[in-house]
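This report refers to the structure that appears directly beneath it.
So that the names make sense, note that chain A is the first sequence line, chain B the second, and so on, each numbered from 1.
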Amino acid sequence: MTAGLDQETWQAALAEAFAADGVESTAWVPDKRLQPIALGLRAHGLAPITLTREEECVGYACGHRAAGGRPLVLFQCSGLGNAMNAIGSLAVPYGFGFVMVLSMRGTLGESNPSQVPLGRATVPMLDSLGIQALSLRDGAEAAVVAAGACRLAYDARQVVAIILEPELDRR
Amino acid sequence: MNATDVTRAVLDAARSALFVSSLGTATSALRRASNDGPHLYLGGSMGSALAAAIGVAVRCPERHVVCLLGDGEMLMGASTLWSLAGVRPSNLLAVVLCDGHYTITGGQPLGAPSAFAAVAAQLDLSSSVATTAREVTDAVHTLPRPALLEVRYDERAWPGPSPFVDPPLVRLRFEAEAGEVR
């Protein structure tokens, strides 16, 4: 699938909204669908720091938050499995709110069998830790979802996940 | 030398630093050595302490940051050494407390060698091994950051204070210590 204009638009809109809503630092484990968001963040002076594992992104965000920052993390939903302990025994009990942008795999249009179980488990896993999952299916809603997620994370001190659903890639 | 002796030497050599401690021995020793100072004590999330310290270091580039880690913790989060070598915060020192055992779970031996300083050196991080309090002090004073200090000690005395910290209290005290609350 090529990165079309619509994709670039919602991904750029997300990056712009995060910058406008005061995100100060981004950590990620790279992913194809997240790449245009990363490029957009870079254009706003928020070039993502690449870490080796998803739980490192969570740990990084918790430390940054503990020091007064407004961190953002980006990774594929399969990495949520890696990150569950850091979320459940650090971010949630300590009240370190931040936004996670999860690129969804394993649902509509998935071709790789290995991606399906964790994709199906993503929202239940988040729910099991009391984390709100905000599904983004319409690129036109990118900015408002990003802004609302930032409020939840940085004002209400919640870990909040924006799920980048497959429907976003419709041309 | 025991974990509290090591931690006391690190604290004395880095009085103004922000401290992050991993669960178990490191948190208990830091509580004891600092008289329960306002540090970021982790009570869980094994393997995540160094990543949290990188987050603190990036957010507070004007402050020195020290991360106290158990050796089991460092093994579980070993990939973060590679992230540290990539991010290279110029204000972060990782101190690995090496007694070769998983203390809080009952003292089982690690199943892997302590080679943290050697690995860090391979990753182009400055590093050294200390076995005395004097060597700890010297290393904290002189190692260019980012750095890893591997401290080997034999006395496996439990430091004392509970490692089961109250997370919101830890957060509030550390936020105030770090100086900026939003």
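- In this structure, the portion of V87(B) lying under 4.5 Å from any heavy atom of chain A is its side chain and not its backbone.
- Here CG of L50(B) is found 13.0 Å from OH of Y60(A). Values are rounded to the nearest 0.5 Å.
- Here the closest non-hydrogen pair linking P93(A) and P167(B) is O-CB, 3.2 Å.
- In the hydrophobic clustering of ILVMFWY residues, with side-chain heavy atoms under 4.5 Å counting as a link, L81(B) and V29(A) come out apart.
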(message) I'd like to know whether R171(B) forms a side chain to side chain contact (heavy atoms under 4.5 Å, CB included) with R157(A), so could you lay out the CA-CA distance, the side-chain angles of the two residues, the decisive distance to 0.1 Å, and finally the verdict.
(response) CA-CA 12 Å; R171(B) 186 195 85 218; R157(A) 292 189 171 278; 3.5 Å; yes
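- The cluster map of Ile, Leu, Val, Met, Phe, Trp and Tyr, joined by side-chain heavy atoms under 4.5 Å apart, puts V123(A) and V92(A) in different clusters.
- Linking ILVMFWY side-chain heavy atoms closer than 4.5 Å, directly or via other members, places L90(A) and M100(A) in two distinct hydrophobic clusters.
- Within 6.0 Å of the NE2 atom in H64(B), the count of heavy atoms belonging to other residues, nucleotides or ligands does not exceed 12.
- The two residues A67(A) and A178(B) come nearest to each other via the heavy atoms CA-CB, 3.8 Å.
- Within a 6.0 Å sphere centred on CD of Q132(A), other residues, nucleotides and ligands contribute 12 heavy atoms or fewer.
- Going from atom SG of C60(B) over to atom NE2 of H64(A) covers 8.0 Å, rounded to the nearest 0.5 Å.
- For CG of N112(A), the number of neighbouring non-hydrogen atoms (other residues, nucleotides, ligands) closer than 6.0 Å is greater than 12.
- Neither the backbone nor the side chain of V65(B) comes within contact range of chain A; no heavy atom of the residue lies under 4.5 Å from a heavy atom of that chain.
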(message) side chain to side chain contact (heavy atoms under 4.5 Å, CB included), that's the test. Do L51(A) and T80(B) meet it? Break it down for me.
(response) CA-CA 8 Å; L51(A) 301 176; T80(B) 311; over 6 Å; no
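- With hydrophobic clusters built from ILVMFWY side chains whose heavy atoms lie under 4.5 angstrom apart, L172(B) does not share a cluster with V165(B).
- Closest approach of N85(A) and M46(B) over heavy atoms only: ND2-N, 3.8 Å.
- Nearest heavy-atom pair across S79(B) and R53(A) is OG-CD, 3.3 Å.
- The main-chain N or O of T52(A) is found under 3.5 Å from a side-chain atom of S83(B) such that the two form a donor-acceptor pair.
- Interface remark: L40(B) contributes side-chain atoms only to the contact with chain A (heavy atom separation under 4.5 Å).
- Heavy atoms only, all atoms of each residue included: R65(A) and E175(B) are closest at O-OE2, 4.3 Å.
- Within 6.0 Å of CD in E16(A) there are 12 or fewer heavy atoms belonging to other residues, nucleotides or ligands.
- Nearest heavy atoms, Y41(B) versus Y94(A): O-OH, 2.6 Å.
- Surrounding CE of M76(B) are at most 12 heavy atoms belonging to other residues, nucleotides or ligands under 6.0 Å away.
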